[in-house]
Amino acid sequence: MAQFFDEEVWGQALKQPDWYLLIGPEYKQLKELREKADAQTSQAIKRDVLKFFEERLERGEVALATEGEDLDAERKAIDTVVIHHTSAKPGYSLKQMNVTHLLNIYAPYFANPYVPGEGHLKGQPIWSNHIQGGKPVFYAYHWLLRMDGTAERLLDDSQIGWHAGSWEVNCRSIGICLDNDYEESSPKPEVLDQLAELIRINYAGIEAGRVIGHRAVNPKTTCPGNEFLDGWQKELLRRLDN
Ligand SMILES: [Zn+2]
């Protein structure tokens, strides 16, 4: 049983299309609590929330839209690649990523649709326009690059990933996430080789100068880590030049 919230109450809320408004204040409180708590408590809260949502999502017990408007209609020609990292240890599960992006990207947007003309989305069941295996998915990135070199495809290039923190950039970019925590370290040479190969094979037409880190678009984040700008960005670009 969850320790930090009432599963019964949240479970009931999840059946409502506007569940993210119903549990929003409590979810926000838990987030604030995590920031103040010690590392162990913070992890315990995170585990509670993720486990709860992963299970409910799996069982189809989260009210979500099964159809909606074409949120990919504004997709532009792709001219930018944005690099991210998970800022977690390798082996990030896709289930966890799906839930995390639902809760941290899609739910806040539907709770506060700040794009002009989209105010009507508030309170509506969440819709991503991205269906896989008959189920909606909420991945923000197009690719997740594993440490063994496997590149997992999360979104189609024709789909807009909500990853950069700017709609304008999202519309014309690809999001590639490295499955590791590079907050204070750099990818190994072989990971950079694999990343360069992924970009070369799939996005050959993109200028090297348009391969950027998340932080270049959104100054509020340090993603993909503190050693990117004066370090491994150059290493990556050098590989793309060859
Ligand atoms: Zn990022």
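Owing to the predicted nature of the structure, the values given are computational and were not obtained by experimental measurement. Start at 1 and go down the list; that is how both ligands and their atoms are numbered.
- Counting only residues at least two apart or on different chains, the ring pair (Phe, Tyr, Trp, His ring centres under 6.0 Å) pairs with a member in residues 83-105 are His84-Tyr141, His84-His163, His84-His214, His101-Tyr141.
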Could you give the side-chain donor-acceptor pairs of residues 187-197 under 3.5 Å, partners two or more places apart or in another chain?
{"from": "Asp193", "atom 1": "OD1", "to": "Arg239", "atom 2": "NE", "distance (Å)": "2.6"}
{"from": "Asp193", "atom 1": "OD1", "to": "Arg239", "atom 2": "NH2", "distance (Å)": "3.4"}

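- Listed by chain and residue number, nothing satisfies the ring-ring contact (aromatic ring centres under 6.0 Å, His included) test with Tyr139 (two or more places apart in sequence, or in another chain).
- With hydrogens and angles ignored, the 3.5 Å screen pairs no side-chain donor or acceptor of Arg210 with any backbone N or O of Val81.
- Within the 3.5 Å criterion, the main-chain N or O of Glu58 finds no donor-acceptor partner in the side chain of Lys95.
- Between the side chain of Arg75 and the main chain of Cys171, a donor-acceptor pair closer than 3.5 Å is present.
- Protein N/O/S atoms found under 2.8 Å from the Zn ion (ligand 1), listed by chain and residue number: His84 ND1, His214 ND1, Cys223 SG.
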